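Computed from a predicted model, the values in this text were never measured in an experiment.
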Amino acid sequence: MRSKVRHIAILIASLCVSTLVKAQVDWVKPAAEIEDAQVVIEKDKVIQLNGVSRRYEPIPIEIPAVSKVQAPYDIPKVDVPLPPMRIVLRPQTMKPELLQKFFWGTVKAGFGNYSSPYFSASVGTKRSDEASLNLQLDHLSSGTGPVDGKNSAAGFTNIVLGGKYFLNNATLAGKASYGRNAYHFYGYDQSLTVAPEDIEQKLNRINAIVSISGNDAESIVDYDFGLSYHYVFDAFETNESDFGISLGLVEKPLEPLEILINVQSDFIGQSDREVAETKRRYILAKPILGYQWNEFKFSVGGTYVNENDSLSADKQSHFFPHFGIGYKFNASHQVNLSYSGTVERVTLRELYGDNLFLAAHVGVNHNINPVSLHLGANGSFGSRFGYKIGVQYDQFTRKGYFVNSTADSTRFDMVYDQGNSRLTQFYAQLDYTVANTFKLSGRLNTFNYSTVDIIAPWHKPKLEAILRGHLFLFDKIGTDLAFFYLAGIEAPA
């Protein structure tokens, strides 16, 4: 039996070997190449999980109940009455504030050559928002002078009292003053013997001014109305009275427009012991319309003047047009050009202010200036330097000049050029300021006259130079310096 099984296994193994040999004999090796093929991998298997609730059932916590414990004792209520509490207030002690002084004041004093004392004092009220009062006193005199000792001594004293009262929308102001000049006519022949009292002149001036002006910042109209009275008299019975009325209006109906109106009237009476009283008048009306356009400012208007001087018999009314234009480069520099004309008011009081050595019953007439052309510029460089520069051309149909009197060589008379005389002047000014420390200002003026009825512009300078300085030495002490230089003055031979 076992031999049969062995023979069957050998037969099966022989068949398998022959089959394998046949398969290898029939296999053919393929050529060495790669066939083109496309492999596509698809992932379409989606794994989905069932949703699981995230809510979990909380674990219950058992809190044991608190049992009330009965205390085996009692706390009795104690009511003890207390006395009322005493509170002592102690405010902080402060030094008493010093009251502002009732008055402020400044004092200047000096002494110069020719035995010349100088004194100046100013005092005013403080501590009031409704009113102010000021007093000014000035005195300068010399015991001798540059010519013949005491015969050229001179001096002046001036007292001014002024005040203001402030209302809700207006300000009342008033000022009264008295001035006195004592001097001598020393332009005589030095070979003569002259007593000082025979050539002494005493000039007195009394002035009074009252005014009311608006101070309402919200009003479109600003005004200033004033009344004035001036009286001048000397030792030779020459006198002049001047009563004046003035009104100034500034109206701004719209932001770029501005209306300016200036009205002035003066009624003048002049007399001396040899000439009857002369009545003079001066009435001026000057309306101006201004317009602001960006950096430009334009003005147009005119000036009307009526006067009755002795030299104005043919024409007493005058009208002069006015044109002006200004341009502001920036906050520091601007330039202006204007054309206008006017009649310059002249009184005996104003002539005495220019020349104290006037002759008796001197003729006084207004200056007529029909053409005045001005070109100027002003501005500043930084906070310390400031400047002004310009040129002005004037034409006069009547202008007065001082001339030595032929009757008395110690005095001056007035002559009038009634031709078309001309004046061209150039000016330049430079200022330097260091706050609360130092101030310095220099100015140069040149004058070129062209006269018609007179040979030369008598006693008028061709060059004028002015230098002023102020130095603060200490808190309340300072010093001033002034230098004047005049050149080209001519006088009749």
Report the distance from atom [atom1] of [X] to atom [atom2] of [Y], rounding to the nearest 0.5 Å.
X      : Y      : atom1 : atom2 : result
Thr342 : Leu284 : OG1   : CG    : 5.5 Å
Leu356 : Phe185 : CG    : CZ    : 8.5 Å
Leu167 : Asp216 : CG    : CG    : 12.0 Å
Ile261 : Ile259 : CD1   : CD1   : 6.5 Å

What do you reckon, is [atom1] of [X] surrounded by more than 12 foreign heavy atoms closer than 6.0 Å?
X      : atom1 : value
Glu197 : CD    : yes
Tyr485 : OH    : no
Leu192 : CG    : yes
Arg345 : CZ    : yes

Suppose we call two aromatic rings close when their centres sit under 6.0 Å apart. Are [X] and [Y] close by that rule?
X      : Y      : value
Phe225 : Tyr223 : no
Phe385 : Tyr432 : yes
Phe402 : Phe357 : no
Tyr291 : Phe296 : no
His470 : Phe472 : yes
His333 : Tyr387 : yes
His366 : Tyr282 : yes
Tyr188 : Tyr186 : no
His459 : Phe412 : yes

Backbone of [Y] reached by a side-chain donor or acceptor of [X] within 3.5 Å:
X      : Y      : result
Asp234 : Glu237 : yes
Tyr427 : Gly376 : no
Tyr229 : Asn207 : no
Asn308 : Arg281 : yes
Asn181 : Tyr183 : no
Ser409 : Gly187 : yes
Thr347 : Glu350 : yes
Ser219 : Val221 : yes
Gln201 : Ala235 : yes
Ser246 : Gln264 : no

Within the structure provided, determine whether [X] and [Y] are in side-chain contact (heavy-atom separation under 4.5 Å).
X      : Y      : answer
Ser317 : Glu307 : no
Leu351 : Val364 : yes
Ser211 : Asp224 : yes
Gln334 : Asn378 : yes
Val362 : Leu348 : yes
Asn204 : Val232 : no
Asn420 : Phe396 : no
Leu440 : Leu467 : yes

Shortest non-hydrogen contact from [X] to [Y]?
X      : Y      : result
Ser141 : Pro117 : O-CD, 3.1 Å
Arg411 : Ala360 : NH1-N, 3.5 Å
Ser152 : Pro146 : OG-N, 3.3 Å
Leu444 : Ala465 : CD1-CB, 4.2 Å
Ser299 : Ile288 : CB-CG2, 3.9 Å
His322 : Gly324 : NE2-N, 4.2 Å

>> Determine whether Val452 and Arg422 satisfy the following criterion, side-chain contact (heavy atoms from CB on, under 4.5 Å), listing intermediate values before the conclusion.
In response: CA-CA 9 Å; Val452 177; Arg422 296 178 296 276; 5.7 Å; no

> How far apart are the C-alpha atoms of Phe426 and Ile389, what are their side-chain angles, what is the distance that settles it, and do they pass the side-chain contact (heavy atoms from CB on, under 4.5 Å) test?
Replying inline: CA-CA 8 Å; Phe426 169 82; Ile389 188 171; 4.0 Å; yes

>> Assess, by modelled atom type and distance only, whether the side chains of Ser271 and Asn239 contain a donor and an acceptor separated by less than 3.5 Å.
In response: yes

> Strictly by modelled atom types, are Ser120 and Gln136 linked by a side-chain donor-acceptor pair under 3.5 Å?
Replying inline: yes

>> Does Arg205 qualify as a cation-pi partner of Tyr352, given the criterion of NZ or CZ under 6.0 Å from the six-membered ring centre and within 45 degrees of its axis?
In response: no

>> I need the single residue from Asp417, Asp309, Asp453 that forms a salt bridge (charged side-chain N to carboxylate O under 4.0 Å, His left out) with Arg398. Which is it?
In response: Asp309

> When you look at Leu481 and Arg468, which way does the side-chain contact (heavy atoms from CB on, under 4.5 Å) test go after all the steps?
Replying inline: CA-CA 6 Å; Leu481 171 68; Arg468 298 177 182 271; over 6 Å; no

>> Would Arg443 and Glu464 count as a salt bridge (charged side-chain N to carboxylate O under 4.0 Å, His left out) here? Give the steps.
In response: CA-CA 8 Å; Arg443 183 180 178 94; Glu464 180 183 56; 5.8 Å; no

> Can you check side-chain hydrogen bond (donor to acceptor under 3.5 Å, both in side chains) on Ser372 and Asp394, steps first, answer last?
Replying inline: CA-CA 5 Å; Ser372 180; Asp394 292 284; 2.9 Å; yes

> Run the side-chain hydrogen bond (donor to acceptor under 3.5 Å, both in side chains) check on Asp138 and Thr157 step by step: do they pass?
Replying inline: CA-CA 6 Å; Asp138 297 287; Thr157 301; over 6 Å; no

>> What I want to find out is whether Glu258 reaches Lys297 closely enough, with some N-O distance under 4.0 Å, to be called a salt bridge.
In response: yes

> Can we say Arg349 and Asp242 salt-bridge, meaning some charged N sits less than 4.0 Å from an Asp/Glu carboxylate O?
Replying inline: yes

>> Checking Met414 against Tyr416 for the side-chain contact (heavy atoms from CB on, under 4.5 Å) test, could you report, in this order, the C-alpha distance in whole Å, the side-chain angles of both residues, the deciding distance, and whether it holds?
In response: CA-CA 7 Å; Met414 291 295 298; Tyr416 292 89; 4.0 Å; yes

> Between Asp431 and Gln429, does a side-chain hydrogen bond (donor to acceptor under 3.5 Å, both in side chains) hold up when you go through it step by step?
Replying inline: CA-CA 7 Å; Asp431 302 320; Gln429 179 175 328; 3.2 Å; yes

